[in-house]
Amino acid sequence: MTIETVDTQPKPNLLNDPKFRAIAAQIVVVVLFVSFVAYIISNTAVNLEKLGIKAGFEFLGLQAGFMPTSPNFNLTDFDVNKDTHMDVFWLGLVNTLLIAVLGIIAATIVGFVFGVLRLSKNPLVNFVAAAYIEGVRNIPLLLQILVWYFGVLLALPIVKQSINMGDLVFLNNRYLVAPAPIFEDGFGFVTIAFIIGIVATFFLARWAHKRQDTTGQQFPIFYSALGLIIGFPILVLLAMGVPLNWNIPELKGFNFVGGVQITSQLTALFLALTFYTGSFIAENVRAGILAVSHGQTEAAYALGLRPNRTMSLIVIPQAMRVVVPPVTSQYLNLTKNSSLAIAIGYPDIVNVFMGISLNQTGKAIEIIGMTMGVYLTISLLISMFMNWYNKRVALVER
Amino acid sequence: MSDTNTAAADNSGPAITISAMHKWYGDFHVLKDINLTVERGERIVVCGPSGSGKSTMIRCINRLEEHQKGSINVSGIELTNDLKNIDTIRREVGMVFQHFNLFPHLTVLQNCTLAPIWVRKMPKAEAEEIAMKYLERVKIPEQAQKFPGQLSGGQQQRVAIARSLCMNPEIMLFDEPTSALDPEMIKEVLDVMVDLAKEGMTMLVVTHEMGFAKQVADRVIFMDGGEIIEQNEPNEFFDNPQSDRTKLFLSQILGHS
C-alpha cells in the first residue's frame, strides 16, 4: 500500500533524494576508513623494516631476567631464574584481575551502604554520607592513590617497630602481615560442608517458596541460609577437632617470617579504588531508590506491608532497573582505573608487562596490543554478565 | 469496649472516632480541632477547596500522616506510635489514591494477591481466587495477567479498588479517586464505588463529584483552612448551606453545571 503511494509521487532530483544521499554518505565513509587503516598498517610495516625490527610474538618465550614483583607478593610463583615474558604477562594479568575483583566487591558494598545512608533522615548520618561522597567523588583518583600510599601507608612505622595487634597481626610501612591458615587432614570435610550448605539453601529456598504458595506460611529463609552456609561448616569444623593450624608471623631480623603478607601497594590501590568507585555507586543507588515514587511506598503501607517487606518487594525491584546500568559502567571504570597502579608500583599488567617487558624487548605494537586486548576482554566479560543480570531485573511493564 | 492498648478490632462501636485532633507541618497548622465520628456502614463525602486539609485528614486515619494532638480511634483501636496497632489498623482500612499507585513491576493479579499473601499469610491459590472475585466485581477479570501500564486510567483505578478489597477491609478511604481520570473514565470508577456503597461498606471519600455525593453519601463534610466548617446530609447540604464559605465553594464548583 505505502509503496504504491510512493510510486505515484514524482521522483526528486537524485541529489535531493534522501535514500541516495544516505547510501552515498556511507560509501564515502567506508572508503575513507579502509584507506586510513591501510595507510597506518603499511606505514608501520615500512617503519619497522627500516628500523630492522621484526614483528612477532617470539619474544614471549624469552627469559625475562627481571623480578617483576616483590618476593612477599608473588601469586604466580614467578621465578626470576627461568621465567619468560609470557610469565610476566600472566603475573600482571593475575594481579590486575585480583585488584579488579576485590575492588568491585568492596566498592559495591561501600556504594550500597552509603547510598542508603545518604537517604537517612538522621541528619548526622546523612551529613557523614554526603561528606564522604562529595569529598571523594570530586578528588582525582590518582591523587587519592598517592595519598593512601605515601600519606597513610608509608607513614606507618618501619618493620622493626610494626604496630602489634595481639601478637597476631602486624602492620608496618611495607605490609600487613596476619596469621596464615594451614589446612590439615580433615579440613576437606569443612569445605564439603560449606558446599552442602549452599546447595541445601538453594533447595530450601525453593521448598519455602512452594510452601508459601500452598499454605501461606512464611519461612525465615535468610537466617536459615546463614545457619546452613556458615553455621553448618563451623559445626563440622568443631566436630572434626578443628583440623586447622595457624602459621603465626614472627619478626626475625629485618623481616617477618610466616603468615600471609598484604603489601602496602595492594592495600593503597584497593582502598583508593574502593572508596573512589564506591562514592559513584552510592550516588547511583541513591538515584535508583529516589526514582521509585513515594506513592509506591504509601500504597504498600496502606495495604499493611511492613517497611522491610515494602523495601524488598516494592522498592528494590523497581530501583534495580535504574541502578544496574550505571553501576556496570562503574565496574568497568574501576577495572580500567586499576592501571593507575603504576604510580605506586603495584605489579599490575600495565606496570610489569607494558612497562618493564616493553622496555626490555621493544616490542611496542605486540605488547600494547596484548594489554589492550586484556582490558577489552575483561570489560566485555563484565558488560556481558551485567547485561544478562540487567535483563533479569529489568522492569517488565507491558 | 476493648482496652485501647490491645490491637484487636472491636466491631461493636463506631468505625472511626476522631476527637480534638490537630496536625502541624512544622509551624503550619494543617488540621485544627477535628472531631468526627463515622458509624459502621456510613458513607461520608469530604469536600472543600484544595489545601483545606481533607486528604491529610483521611491519611491520618491509616497513619500515612501522623497527628500531633487529640486521638483517632479506628474500630476500637487507638492510633499511637505502637507499630502493632498501626499494622492492625492498616490491615482493616483500605485506601485508594488519586494516582492509583499500582505496582508497575507486578501484574494486575499479583498487585491484588501481594498483600493477602505477605500480610494475611494466605496460600497463593486462595489469594488468587479472592483476587479474581474482586476483579470480576470491578469488571476487569480479563486484564488479570496484564501489567498496570497496559491499562487505561479508569481500569487502573478499578484495579486499585480491587487490590484494597482483597484485604477484606472494614473501612475504605478514597483520596480523590477520580481527579486524575479523563472525564469518560470517571463514570466506570464511580459505578464501582456506588456498588460498594450499596453493599454496606464504610466509606470515607474525598471527592469533588457532587453527583456521587448526592447519590450515595449519608453525610457531606465541608472543610476549609484545616477545619470542619459544616456537615449535613447531602440534600440539606447542597440546598441549604449554612456558612458563607460553604456557599462560596458550592457556587464555584457547581457554577458550570
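Values reported hereafter were calculated over all heavy atoms of this structure, with side chains retained and with hydrogens, waters and symmetry mates removed. Proteins get letters first, then strands, A, B, ... in listed order; numbering begins at 1 in each.
Residue B/Gln68 qualifies as enclosed at atom CD: its count of foreign heavy atoms under 6.0 Å is above 12. No more than 12 heavy atoms of other residues, nucleotides or ligands lie within 6.0 Å of NZ in B/Lys124, so this atom counts as exposed by the packing criterion. Atom OH of A/Tyr132 has more than 12 heavy atoms from other residues, nucleotides or ligands within 6.0 Å. Heavy atoms from other residues, nucleotides or ligands lying under 6.0 Å from OH of B/Tyr25 number more than 12. Counting heavy atoms of neighbouring residues, nucleotides and ligands inside a 6.0 Å radius, atom CZ of A/Phe219 exceeds 12 of them.
Not a single donor-acceptor pair under 3.5 Å links the side chain of B/His105 to the backbone N or O of A/Val315. Proximity of a side-chain donor or acceptor of B/Asn101 to a complementary backbone N or O of A/Gln296 within less than 3.5 Å is not detected.
Heavy atoms of B/Leu102 lying under 4.5 Å from chain A belong exclusively to its backbone. Residue contact with chain A, scored on non-hydrogen atoms closer than 4.5 Å, involves the side chain of B/Met167 exclusively. For chain B, no part of A/Arg211 is nearby; none of its heavy atoms comes within less than 4.5 Å. Only the side chain of A/Gln218 comes within contact range of chain B, judged by heavy atoms closer than 4.5 Å. Heavy-atom distances place no part of B/Arg63 under 4.5 Å from chain A, backbone and side chain included. For chain A, the nearby parts of B/Phe103 are the backbone and the side chain; heavy atoms of each come within less than 4.5 Å.
B/Leu114 contributes atom CG, which lies 5.0 Å from atom CD1 of A/Ile314 (distance to the nearest 0.5 angstrom). In this structure, CG on B/Asn62 lies 12.5 Å from OH on A/Tyr301, to the nearest 0.5 angstrom. One finds the CZ atom of A/Arg306 at 10.5 Å from the CZ atom of B/Arg90 (value rounded to the nearest 0.5 Å).
Considering only heavy atoms from C-beta on, A/Leu305 comes within 4.5 Å of B/Val119 through its side chain. Here the side chains of A/Gln212 and B/Lys121 are not in contact, with every heavy-atom distance at 4.5 Å or above. Between B/Met95 and A/Leu303, every side-chain heavy-atom pair lies at or beyond the 4.5 Å cut-off.
Options A/Ser293, A/Ala299, A/Ala300 differ in how many heavy-atom pairs under 4.5 Å they form with chain B, and the most are formed by A/Ala299.
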